[in-house]
Structures are given as C-alpha cells and as structure tokens.
Amino acid sequence: MAPAIRYEHIKTCKQSGARLGRVHTPHGVIETPTFMPVGTQATVKTMSPEELKEMDAQIILSNTYHLFLRPGHNIIREAGGLHKFMNWDRPILTDSGGFQVFSLSEMRKISEEGVHFRSHLNGDKKFLSPEVAMEIQNSLGSDIMMAFDECPPFPAEYEYVKKSLERTSRWAERCLEAHARPHDQGLFAIVQGGMHEDLRKQSAADLTSMDFPGYAIGGLSVGEPKHLMYEVLDYTVPLLPTNKPRYLMGVGSPDALIEGSIRGVDMFDCVLPTRIARNGTTMTSQGRLVVRNANFASDFGPLDPACDCYTCRNYSRAYLRHLIKADETFGLRLTTYHNLHFLIQLMHNVRQAIMDDRLLDFRDEFFEQYGLHDN
Ligand SMILES: CNc1nc2cc3nc(NC)[nH]c3cc2c(=O)[nH]1
Ligand SMILES: [Zn+2]
C-alpha cells in the first residue's frame, strides 16, 4: 500500500539551495515550503474553515495535550475524528503533547515510562507516554502525527540533553510499535540534541535508521538567539533524508520562515500570527504595525496598502484600532485574518522565488522593506 505521506521534490533553488516540493496526504496535497496555522483546541482562533480556505491555508495544526484534557480524545473519535468534529477536510497535523506538558502543566514527573502530570485546567492526574500519544492521535485521525518526545529547556546541560535525546529515540521506537496504522497515517520523528552538533548527529542517526515518513526538528525556538537556531539548522537539515518532509517546530516570524526555507525546511508552525493579532499587533509589508496605537486613531487608510486580503480591502486602521480598543471580537477576527493571510502569502512568494532561482535576492528585498537589517 502506498505510504499515506509522500514527499515529491519539484526543484531546488539554484541561488539558495532551498527546495520546492509537495507533501501528498490522505486529505490533499501541501505545496512546500508552507506555513501551518495553529488550531490548538480544534479551531484556529476566531477563524472559520471557510475563511482559512479563502486565504489558502493548506494544512492546520492541532494540539494533542489540549484535546486530551478537553473534550477528551474519545469524544472526538466518537464524532468520527478531528476532521469531522471541526469541519476541516484538508490535512491536519497533530503534535504529541510532550511540549505542552512542560510548558503548561505543574507537578510533572518524567521517567522512561512517560510523563505524569496534573491538568492545568482542573488539577486532575494525567499520564502521557509514546503509547498514549499514539492512541490519542489515532483517535483524532490526523494525517500527520508527531512522535512523543522531550524538548529540553534552553539552556540545558550537555549531559542532560544527551540523556534526553537517547530517551526520545527509545520513545520514537515505541511510537512506531504502538502506531496502529503505520502506512495510512504519517508519523514524523522529532530530532533533538539541543545546540550540540554531535548530539544532533546522534539523534538524526538514531531516527533516520528507523525510516519514518517525515522528520521534525525539535528543541529549537525555545529562547535561543536566532543566529544559534540558524547554526543548528545549518548542520542538522543535511542529516535528514532528501526524499522526506522536514518540519521545523514552533517557528513563524517572517525572517525565520525565509531563513528556514533557505536551509531546506519544508514545513513551519507558530502561534505568533494569531497570538499577536489578539492584542492588535499586525505584520505588514512595512514591518510590524501595532494598530491599537493612538497615532492610527484617524488613519483611514488600509492596514497594509500592499495587501489584498479581506481586512485590507474593506476596513481602515482607524476602525481596527477602535475595535481592538473597544475589545470587540470582530477586531480580533480582522487582525487574525490579515496576519494569517500575510504569512500564507509570504510562503507563496517564497515558493515563487525558489521557482525563479532567486530566494536570496527575495530575502534581501523583504528584509529591507520589512525593516529587518542584518540581525
Ligand atoms: C511535540 N513535540 C515537540 N513540540 C515542540 C514545539 C515547539 N514550539 C517551539 N517554539 C514555539 N519549539 C518547539 C519544540 C518542540 C519539540 O522539540 N517537540
Ligand atoms: Zn491584509
């Protein structure tokens, strides 16, 4: 049976080495490099599936930790799976819950078996492990599932990172064994190893020897300086097979999306665009614009003159500022719509630049316009 997740390489940018590709999934094809909007609790906050399709979101992400705690994966399985539950018929990627346990829950205890923790919602005792993470994601029916891993904090001791990656490799093996349908749901392994080249090599060697349908690069975007993240990518991406998708977790600022694409990354996700939208911060072609600022009180121009999205075609900065100041939910919807459209459009332009063998020129032009000098 053909593997459900298949990477199709289309071309490599002659100028940058970035690659254009397609990821084939049971719910459709994803053009890469791509940005994945995050729908943590089975919704991309304030957006309808129709609006996400309108802005050409190709795939969305949902979080196992949150859905496990509420409403519970059994409810979603009884609903016929996450696609049916949230009325989204394009691809869905679910993470495996490990990262949220460490960033959200208290009283957690990690062991070889898995992680015991208390729900951040009501303090209930909970347990996640490779086997439980696979059972939950199989119930959700996501097209791409993530292996259960540990994302070490930053900074972390070399010995801790080494012990942690070795356990993550053993957990990856348990995920493969526990995965009910290894061929019709894509299980991605997550490469760890912190900021150490030898440990990244060890983690990549362990995981690529198990032949997963795709590989994520974890342990980054955890507070390290951006140049360090790029350095880790420089020596980690080449360790991954060229015929499989590469997913950089938790990365979504415009500059990092471009720099990651240049280094051969195919998929990105980040809560940034939706999170900052909710306090009135927007990404525009001229850089960040905090539309709630007083100087936009009587600015009747569009949020971004270079943008053709629903928000920029129909509403002014003054109106958006008013809604955000008045805490009107319509304001959150309009800024979210624009920010997501902006990043999805950015990735469309990145793909076009790869097609035209000019991604480095595109980066320089974008950084200049966006106000990102050599950072
Ligand atoms: C599900 N496993 C898993 N998720 C992650 C999510 C992340 N989100 C960020 N920055 C926002 N870094 C991340 C790393 C990992 C990681 O190493 N593993
Ligand atoms: Zn717009």
Side-chain angles (χ1 to χ4, degrees), residues 30 34-63 66-67 70-71 76 82-95 100 250-254 257 268-349 370:
I30 305 155
T34 192
F35 170 76
M36 304 184 281
V38 176
T40 297
Q41 302 188 104
T43 163
V44 177
K45 287 182 173 41
T46 78
M47 291 288 99
S48 71
E50 290 72 21
E51 286 164 330
L52 290 170
K53 285 185 177 173
E54 198 177 84
M55 63 174 84
D56 199 22
Q58 304 180 83
I59 172 172
I60 62 162
L61 195 135
S62 214
N63 287 124
H66 291 278
L67 297 175
R70 184 174 56 185
I76 297 176
L82 190 52
H83 288 88
K84 205 151 168 18
F85 193 54
M86 66 183 288
N87 184 33
W88 176 257
D89 62 4
R90 291 186 177 185
I92 296 177
L93 183 150
T94 49
D95 77 344
Q100 264 82 25
V251 168
S253 59
L257 290 173
F268 303 86
D269 89 272
C270 190
V271 294
L272 187 77
T274 38
R275 183 169 295 172
I276 63 172
R278 293 198 289 283
N279 62 35
T281 302
T282 63
M283 302 169 175
T284 75
S285 48
Q286 269 76 43
R288 273 198 176 199
L289 187 151
V290 185
V291 78
R292 65 178 307 139
N293 284 355
N295 46 350
F296 298 116
S298 50
D299 180 336
F300 301 107
L303 182 62
D304 183 349
C307 180
D308 66 351
C309 86
Y310 170 70
T311 300
C312 296
R313 275 187 286 108
N314 296 290
Y315 304 95
S316 69
R317 290 170 175 179
Y319 180 64
L320 289 174
R321 177 179 182 272
H322 160 64
L323 292 182
I324 296 288
K325 295 287 282 182
D327 212 9
E328 281 291 346
T329 43
F330 187 47
L332 311 184
R333 280 178 34 74
L334 290 173
T335 52
T336 298
Y337 190 107
H338 168 79
N339 280 356
L340 287 174
H341 177 275
F342 180 84
L343 286 189
I344 290 169
Q345 189 60 35
L346 171 62
M347 297 318 283
H348 174 82
N349 296 339
Y370 198 76

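Since we're looking at a predicted model, the values are computed, not measured.
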[X] to [Y] - nearest heavy-atom pair and separation:
X	Y	result
S316	D299	CB-O, 4.0 Å
W88	P49	CZ3-O, 3.8 Å
C307	C312	O-CB, 3.5 Å
T282	H338	CB-CD2, 4.3 Å
T336	K45	CG2-O, 3.7 Å
S62	A42	OG-N, 3.4 Å

With side chain to side chain contact (heavy atoms under 4.5 Å, CB included) as the test, would you mind laying out the steps for F342 and D304 before giving the verdict? CA-CA 10 Å; F342 180 84; D304 183 349; 4.3 Å; yes

So, taking the atom named [atom1] in [X] and the one named [atom2] in [Y], what distance separates them when rounded to the nearest 0.5 Å?
X	Y	atom1	atom2	answer
M283	Q345	CE	CD	14.5 Å
D95	H66	CG	NE2	8.0 Å
I60	L93	CD1	CG	10.0 Å
I324	N279	CD1	CG	8.0 Å
Y337	L303	OH	CG	13.5 Å
L257	F35	CG	CZ	6.5 Å

So does N295 have more than 12 non-hydrogen atoms from other groups sitting under 6.0 Å from CG? yes

Apply the test side chain to side chain contact (heavy atoms under 4.5 Å, CB included) to residues M47 and T274: give CA-CA distance (whole Å), side-chain angles for both, the deciding distance (0.1 Å), then the verdict. CA-CA 10 Å; M47 291 288 99; T274 38; 5.9 Å; no

A side-chain contact here means heavy atoms from C-beta on lying under 4.5 Å apart; do [X] and [Y] qualify?
X	Y	value
M55	C309	no
L52	R90	no
T311	H341	no
L289	R317	yes
T329	T46	no
V44	M36	no

Does any N or O in the side chain of [X] come within less than 3.5 Å of the main-chain N or O of [Y], such that one atom is a donor and the other an acceptor?
X	Y	result
R313	D308	yes
D269	G250	yes
R288	T281	no

Working note: L343 + L272, criterion side chain to side chain contact (heavy atoms under 4.5 Å, CB included); need CA distance, chi angles, decisive distance, verdict. CA-CA 10 Å; L343 286 189; L272 187 77; over 6 Å; no

Just checking F300 against Y319, ring centres under 6.0 Å apart? no

Taking the six-membered ring for Trp, are F330 and Y315 ring centroids under 6.0 Å apart? yes

Begin from the C-alpha positions of L340 and E51 and carry the test side chain to side chain contact (heavy atoms under 4.5 Å, CB included) through to its verdict. CA-CA 10 Å; L340 287 174; E51 286 164 330; over 6 Å; no

Going by the side-chain hydrogen bond (donor to acceptor under 3.5 Å, both in side chains) test, name the single residue among K84, K53, H83 that passes it with D89. K53

